[in-house]
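Input: a single structure, listed below in structure tokens.
Note on naming: letters A, B, ... go to the chains in the order of the sequence lines (proteins, then strands), and numbering restarts at 1 for each one.
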Number of protein chains: 2
Amino acid sequence: MSVVTPPAGSTRAATIYDVARLAGVSHQTVSRVLNDEPGTRAATRERVRAAIASLGYRRNSAATALASRRSHRLGALVTGMLESGPSKFIDGAATAARQAGYVLDIVSLDHTGRDATQATDLLDQHDLAGVVILAPSDQVHAALATWRPRVPVLVATALEDDHTDPDGHTGNTAATRAAVEHLLGLGHTRIALVAGPDHWASAAARTHAYHATMAAHRLPSLPVIPGDWSARSGHLAGHALDPTTTTAVLAANDQMALGVIRALSERGIAVPEAISAIGIDDIPEAGYFLPPLTTVHLDFHGYGHHAITTLLRTIDPVGTRPTPAPEPPRLVVRASTAPPVASAATVAAPAVR
Amino acid sequence: MSVVTPPAGSTRAATIYDVARLAGVSHQTVSRVLNDEPGTRAATRERVRAAIASLGYRRNSAATALASRRSHRLGALVTGMLESGPSKFIDGAATAARQAGYVLDIVSLDHTGRDATQATDLLDQHDLAGVVILAPSDQVHAALATWRPRVPVLVATALEDDHTDPDGHTGNTAATRAAVEHLLGLGHTRIALVAGPDHWASAAARTHAYHATMAAHRLPSLPVIPGDWSARSGHLAGHALDPTTTTAVLAANDQMALGVIRALSERGIAVPEAISAIGIDDIPEAGYFLPPLTTVHLDFHGYGHHAITTLLRTIDPVGTRPTPAPEPPRLVVRASTAPPVASAATVAAPAVR
DNA sequence: GGCCACAGATCCCTCGCTAAC
DNA sequence: AGTTAGCGAGGGATCTGTGGC
């Protein structure tokens, strides 16, 4: 891990004036060539291009930004980068940004929203063309409420999106519904939820969707078992589960589902024979759990990509290519779910076989 | 997922000239106050501060960068953001950058090094103070070979680091050695390796360390089983394993270890009773696998943090606080490893009990 | 009253580029 | 196609006021 510093006496970087002199044109002509503006003869353009190449000229984006009052930088205010969802989102966003010739400035924030002011200061300061906020927490929302950004802002995973929009923009609602209905379809009626942390918007959306789906099928929700996305919290939840009143568990993400399965295994409760377990997200490892986890695939990479292109479209309506829509949530049935056994567990509903 | 655009007629952002007029001083005085330079009376300074606050002034970083030829931006050229290691590394890096008042510009690159030129162009262009490269692949290295950056560059996870430095800066060597020696200590001698993709520097380092550690103990290496970091490839590897000549498996990361364990379970081979399995990385889920995975914890977050502060120290030797060193790799013994059974498996070495 | 030293504030030019003429 | 004038800041030289002798 060593730092390589460029040679100290390295010559000053070339400017458009240097290029202009070498090509025998005015600096404005160089500017025109750089920006693909009309008004230069093909021959001139070629001469300029050659000069650019021979000098190794790179445009100075600070000067460009200053003069044009535009920049090719996008900000991303991010919470929970370590979670698999957010990190895939960022990857998709960074990729989309780069494809469009932008860089993504990452400003990470913890979920408490502490230092939110410092973060928004940074964003305000660094002349960005737009900002994507992936701040799934209420507290971050609150901390950001007073912020008056000067550039277009896209808030991904906002609470309201998922509650009001039946399609669930970030897929939370649709994914949760798919999971619950899969269990319902197998014949389960006593379905427990291990929820994500309340203050995360997507956790709240999933919890909400669980209740809504159960209600839509005229089934009572079971008391929600709280979790914090981690396998550890799923493990705790799995120990708290009452196998006499529950035949299936929906964990709000795959990591918690893993913890639940391990807890049940410790208690000698077989999955899926005694209790079915299902997750949400479809992390790459989910298919290799014991048993392989039934879950709902979510296209976080696509959401990130889509967020950036959506943002870019309002910044630069003409220059932005249409973006492929993210894939809708997709149920992936593996081996952790099965029909309930006709046993004491099915207290309320008559056993159907 | 909607874009909020600031009111169209929003007033032009305040400049230092506006601040100066309001405070009744020259713009240069404002500049001094902004940069905490000496030479302003306390009373004047307060007046300027008040004007700044009342106008909501934010300095324009493009103008600052242009005029001062310095920026508060760091670039990160990143490959494999989806892997858990890199994403933690970036989180640590982004946090460290923000603490130092910098933002991290992420430019993501796929591991083939395709588009490397466009990526380095982006980096060259965006007047950065320095660049961190987390490009663990040979191909990226090759693509970058022709790049002559103008700013200090820190290459994390370079091949040579791990091979020449016994401490293994990124922990690969030390972690691998710890894993192998743990198995050795349990009495295993027939230890197989499921390797990461060759072209990743850290995979190569781990493979190298495996051979070196075996050799140091005068034990033959077993043929290396190739993998690609994924649980899927671990699963394939687990099926390829010969249980008659192998008593333990080291997987180069935890995901592959998961796949191996699942494959062995499918084949009716008990872990750890028949074959021990160990991973590297200690992902948060590792403790909840069945059985809980013995692995080596790696402080990726710390590496990222450390990379940035190391880079900043060469950029701004005085202004950078000393950084806490990343934690060294640490063996985490859980339940997937056990002494070998005295059976046919121990062909070469006499069974020790 | 004149001279100097010096902090405190100002003036002008510059950075590299875009935009209007 | 070229000329000229900014964009918003920083850097150094320069001016102003104060106090000491």
Worksheet item: B/Ile52 CD1 to D/dG8 C1': how many Å, rounded?
Response: 14 Å
Discussion item. Rounding to an integer number of Å, can you tell me how far B/His72 NE2 sits from D/dA9 P?
Written reply: 15 Å
Table of protein N/O atoms under 3.5 Å from nucleotides 6-8 of chain C N/O atoms:
from: C/dG8; atom 1: O3'; to: B/Arg41; atom 2: NH2; distance (Å): 3.1

Discussion item. Filter on salt bridge (charged side-chain N to carboxylate O under 4.0 Å, His left out), then keep only pairs touching residues 18-35 of chain B, sequence neighbours left out; what's left?
Written reply: B/Arg12-B/Asp18, B/Asp18-B/Arg21
Item to complete: Using a 4.0 Å cut-off on protein heavy atoms (strictly under), produce a 5'-to-3' string for nucleotides 16-21 of chain C with B for base contact, S for backbone-only sugar-phosphate contact, and - for none.
Response: BBBBB-
Worksheet item: Does any pair with a residue in residues 14-52 of chain A pass ring-ring contact (aromatic ring centres under 6.0 Å, His included), and if so which ones, sequence neighbours excluded?
Response: A/Tyr17-A/His27
Worksheet item: Is there any ring-ring contact (aromatic ring centres under 6.0 Å, His included) pair reaching into residues 37-65 of chain A, and which pairs are they, with sequence neighbours excluded?
Response: none
Which atom pairs, one a donor and one an acceptor, fall under 3.5 Å between side chains of residues 82-95 of chain B and the rest of the protein, sequence neighbours left out?
from: B/Ser87; atom 1: OG; to: B/Ser84; atom 2: O; distance (Å): 3.2
from: B/Asp91; atom 1: OD2; to: B/His301; atom 2: NE2; distance (Å): 3.0
from: B/Thr95; atom 1: OG1; to: B/Asp91; atom 2: O; distance (Å): 2.7

For [X], give me all partners under side chain to side chain donor-acceptor pair (under 3.5 Å), at least two apart in sequence or on another chain.
{"X": "B/His126", "value": "A/Arg73"}
{"X": "A/Gln118", "value": "B/Arg98"}
{"X": "A/Thr117", "value": "none"}

Worksheet entry | With sequence neighbours excluded, residues passing salt bridge (Lys or Arg N to Asp or Glu O under 4.0 Å) with A/Arg58 | B/Asp121, B/Asp124
Worksheet item: Which residues satisfy the salt bridge (Lys or Arg N to Asp or Glu O under 4.0 Å) test with B/Glu46, sequence neighbours excluded?
Response: B/Arg49
Worksheet entry | Close side-chain approach of A/Pro152 and A/Leu311, heavy atoms under 4.5 Å | yes
Worksheet item: Phosphate oxygens OP1/OP2 of C/dC11: is one of them under 4.0 Å from a side-chain N or O of B/Ser26?
Response: no
Worksheet item: Just how large is the angle between the end axes of the helix from C/dG2-D/dC21 to C/dC21-D/dG2, five pairs per end, to 10 degrees?
Response: 50°
